Amino acid sequence: ISSDEKNTPRLIITLQHAEDFFKSGLENVSNGKFNDALTSFGNIFKVLPLMIVDESIKTDIYSLLDYAREYSSAMQIELARRSSNNNKQKQAELAAYFTSFKLQPFHQILGLRVAIKSNYSIKCLKTTANFCRRILELSQSHKSEKVNKIVNKKQIMTVLKVCQKNEVDAETLNYDDTRDFTICMKSLEPLYKDSSKIPISKCPYCSACYKQ
């Protein structure tokens, strides 16, 4: 080995490493291992800056970064929901926030099921009805055996019909799906983009949003 080769760093981090972390994260989400999933997606953030890439995989890199942000944020929301003790209104809000992240359809549907249950339990029937409609639309547009196993359309339709009889929310939630919003990853609360009262800052690396 020449002296020049000895002094040259060996590149051991590749796109495959990041993709493996992503696959592991998805599997952990499907199995309800949210702490492990958060670790897997967090590892993507760690390895991406250590890679040397060419133009041909640039799109894949940015796609993985976006997915890592969306899933990491969703995992933080879900872990917060699970640790919110018996505060059912807070649990319903956090379950609603979870549904705002751009996840794969299977995981979106899992999140919507939780949101339906949480909001229905506190008689937020208007919000519950919206989640019912979304899960029915998703299951229709992403037909697969995997999706069919987790969507009980008859049950969802029954809940929707009950909600439609009195489509109002019994509680005032900090959640309005008629307005464009993002989630502050510090406070875990919505930041409505039509409000000038709360300036928004973005992480310069992954673009996660925060109150300024």
Side-chain angles (χ1 to χ4, degrees), residues 26 29-32 34 37 66-67 69-185 187-195 197-198 200 208-209:
L26 294 181
V29 175
S30 297
N31 293 329
F34 301 110
D66 287 340
Y67 264 124
R69 180 193 64 246
E70 293 296 296
Y71 269 94
S72 292
S73 300
M75 294 306 98
Q76 291 179 63
I77 291 290
E78 176 59 16
L79 291 169
R81 185 188 71 82
R82 293 184 170 218
S83 64
S84 57
N85 299 320
N86 294 320
N87 188 336
K88 290 189 175 183
Q89 180 170 335
K90 187 64 176 177
Q91 290 176 347
E93 288 175 341
L94 289 167
Y97 303 158
F98 184 98
T99 69
S100 70
F101 295 104
K102 297 173 183 175
L103 312 182
Q104 294 190 348
F106 180 75
H107 296 136
Q108 287 180 0
I109 289 172
L110 289 177
L112 285 165
R113 291 199 319 179
V114 173
I116 289 170
K117 183 177 179 180
S118 298
N119 283 272
Y120 188 77
S121 70
I122 59 172
K123 294 182 170 56
C124 284
L125 303 185
K126 179 181 178 181
T127 300
T128 301
N130 288 337
F131 290 138
C132 287
R133 295 185 185 101
R134 283 178 60 188
I135 203 171
L136 290 171
E137 289 172 2
L138 263 177
S139 63
Q140 182 65 28
S141 59
H142 295 86
K143 293 180 180 179
S144 69
E145 184 178 349
K146 188 176 181 180
V147 167
N148 288 335
K149 285 183 178 180
I150 61 171
V151 178
N152 186 329
K153 292 185 179 180
K154 183 178 179 180
Q155 184 182 52
I156 298 297
M157 286 299 300
T158 299
V159 173
L160 178 58
K161 288 178 181 178
V162 171
C163 294
Q164 287 174 328
K165 292 178 181 178
N166 185 29
E167 205 164 326
V168 296
D169 287 343
E171 304 289 344
T172 302
L173 301 175
N174 186 14
Y175 173 73
D176 184 354
D177 62 358
T178 66
R179 298 164 64 193
D180 192 16
F181 70 90
T182 187
I183 299 294
C184 170
M185 294 315 301
S187 66
L188 303 185
E189 294 176 343
L191 299 172
Y192 293 100
K193 296 181 180 179
D194 58 5
S195 174
K197 296 179 181 179
I198 306 177
I200 299 174
C209 293

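A quick note: this is a predicted structure, and the numbers were derived from the prediction, not measured. Index from 1, following the sequence. FYI, side chains are in, hydrogens and waters are out, and symmetry mates aren't considered; it's all heavy atoms of this structure.
- Taking CD from Gln89 and OG from Ser118, the interatomic distance works out to 12.0 Å, rounded to the nearest 0.5 Å.
- The closest side-chain heavy-atom distance from Leu26 to Phe106 is not below 4.5 Å.
- Shortest non-hydrogen contact noted between Ile150 and Arg113 is O-NH1, 3.0 Å.
- Interatomic distance, CG of Leu110 versus CD of Gln108, reported as 10.5 Å (0.5 Å rounding).
- Taking CG of Asn119 as the reference point, atom CD of Glu93 lies at 9.0 Å (rounded to 0.5 Å).
- Taking both residues in full, the closest heavy atoms of Asp66 and Arg69 are given as OD1-NH1, 3.0 Å, listed atom of the first, atom of the second, then distance.
- Look at Glu137 and Arg134 and you find no salt bridge, because none of the NZ, NE, NH1 or NH2 atoms lies under 4.0 Å from a carboxylate O.
- Residues Asp169 and Cys124 come closest through the heavy atom pair OD1-C, 3.0 Å.
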- Query: What do the steps show when you test Lys165 against Leu125 for side chain to side chain contact (heavy atoms under 4.5 Å, CB included), and what is the final call?
  - Reply: CA-CA 9 Å; Lys165 292 178 181 178; Leu125 303 185; over 6 Å; no

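- When side chains are defined from C-beta on, His107 counts as touching Ser30, because their heavy atoms get closer than 4.5 Å.
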- Task: For the pair Val114 and Arg81, evaluate side chain to side chain contact (heavy atoms under 4.5 Å, CB included) and give the outcome as yes or no after the intermediate values.
- Result: CA-CA 11 Å; Val114 173; Arg81 185 188 71 82; 3.6 Å; yes

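- In this structure, the side chains of His142 and Gln104 stay at 4.5 Å or more apart for every pair of heavy atoms.
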- Query: After noting the C-alpha distance and the side-chain angles of Asp176 and Thr178, does the key distance pass the side chain to side chain contact (heavy atoms under 4.5 Å, CB included) rule?
  - Reply: CA-CA 5 Å; Asp176 184 354; Thr178 66; 2.5 Å; yes

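- Using a distance-only test at 3.5 Å, with no hydrogens or angles considered, no donor-acceptor pair links the side chain of Glu167 to the main chain of Thr128.
- Atom CG of Asp194 and atom CZ of Arg179 lie 4.0 Å apart (nearest 0.5 Å).
- The heavy-atom pair separating Ile183 from Pro190 by the smallest distance is CD1-CA, 3.9 Å.
- Annotation: the span from Glu171 atom CD to Lys88 atom NZ amounts to 11.0 Å, rounded to 0.5 Å.
- When every heavy atom of Lys102 is checked against every heavy atom of Tyr67, the shortest pair comes out as O-CE2, 4.1 Å.
- Side chains of Asp180 and Tyr192 form no contact here, defined as non-hydrogen atoms less than 4.5 Å apart.
- Taking the six-membered ring where tryptophan is involved, the planes of Tyr175 and Tyr97 are tilted, since the angle between them lies from 30° to 60°.
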- Query: What do the steps show when you test Tyr71 against Gln76 for side chain to side chain contact (heavy atoms under 4.5 Å, CB included), and what is the final call?
  - Reply: CA-CA 9 Å; Tyr71 269 94; Gln76 291 179 63; over 6 Å; no

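- Distance check, rounded to the nearest 0.5 Å: OH of Tyr120 to SG of Cys132 gives 9.5 Å.
- The shortest non-hydrogen separation linking Leu136 to Ser139 is O-OG, 2.9 Å.
- Heavy atoms of other residues, nucleotides or ligands lying less than 6.0 angstrom from NZ of Lys126 number 12 at most.
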